[in-house]
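In this text the structure is predicted, and so the values were computed from the model without any measurement.
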Amino acid sequence: MLTLTENADAVVTTIVGREEASADAGLRIQTAEGQGPNGEARFAVHVVPSPEPADVVIDGVASRVFLEENAAEVLSDKVLDAGVDDEGAVSFTILPQPA
């Protein structure tokens, strides 16, 4: 199952808190059309008020991430990390889980 780093948990909490006041809100990750430059899956992220019925829900320390079915399968053995640059732009990185 996808896990979150402390950075990802903090960034998701901040993003969701800015855009959605619902206690059930979270960041939804879904597969996107096309492939990345190396043939890898691409993903889209959106803040949503609640998960879709078939979503897998990942509870971080202070955040919630919802994975659509295909994304949940692809990300089942990954770690979600996040960072914020000097201008406030957020980037997410998918990492392999440590052995």
Report task. For the pair T93 and D81, evaluate side-chain hydrogen bond (donor to acceptor under 3.5 Å, both in side chains) and give the outcome as yes or no after the intermediate values. Result -> CA-CA 5 Å; T93 305; D81 193 15; 5.6 Å; no
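Atom CD of Q97 sits in a crowded spot, with more than 12 heavy atoms from other residues, nucleotides or ligands closer than 6.0 Å.
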Show every donor-acceptor pair shorter than 3.5 Å between a side-chain atom in residues 82-89 and any protein atom, with sequence neighbours excluded, or say none if there are none.
{"from": "D85", "atom 1": "OD1", "to": "E87", "atom 2": "N", "distance (Å)": "2.9"}
{"from": "D85", "atom 1": "OD1", "to": "G88", "atom 2": "N", "distance (Å)": "3.0"}
{"from": "D85", "atom 1": "OD1", "to": "A89", "atom 2": "N", "distance (Å)": "2.9"}

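Residues T5 and L80 have side chains not in contact (no heavy-atom distance under 4.5 Å, counting atoms from C-beta outward).
Not a single donor-acceptor pair under 3.5 Å links the side chain of E52 to the backbone N or O of D55. Between the R64 side chain and the D24 main chain, a donor and an acceptor come within less than 3.5 Å of each other. Distance alone, capped at 3.5 Å, places no donor-acceptor pair between the N70 side chain and the T31 backbone.
Residue M1 holds its CE atom at 12.5 Å from CG of D77, rounded to the nearest 0.5 Å.
No continuous path of hydrophobic side-chain contacts links V48 to L4 [ILVMFWY only; heavy atoms under 4.5 Å]. Taking hydrophobic clusters as Ile, Leu, Val, Met, Phe, Trp and Tyr residues chained together by side-chain heavy-atom distances below 4.5 Å, F43 shares a cluster with L27. Linking ILVMFWY side-chain heavy atoms closer than 4.5 Å, directly or via other members, places I29 and V79 in two distinct hydrophobic clusters.
Scored by the side-chain contact (heavy atoms from CB on, under 4.5 Å) test, E19 finds I15, V47 as partners (sequence neighbours excluded).
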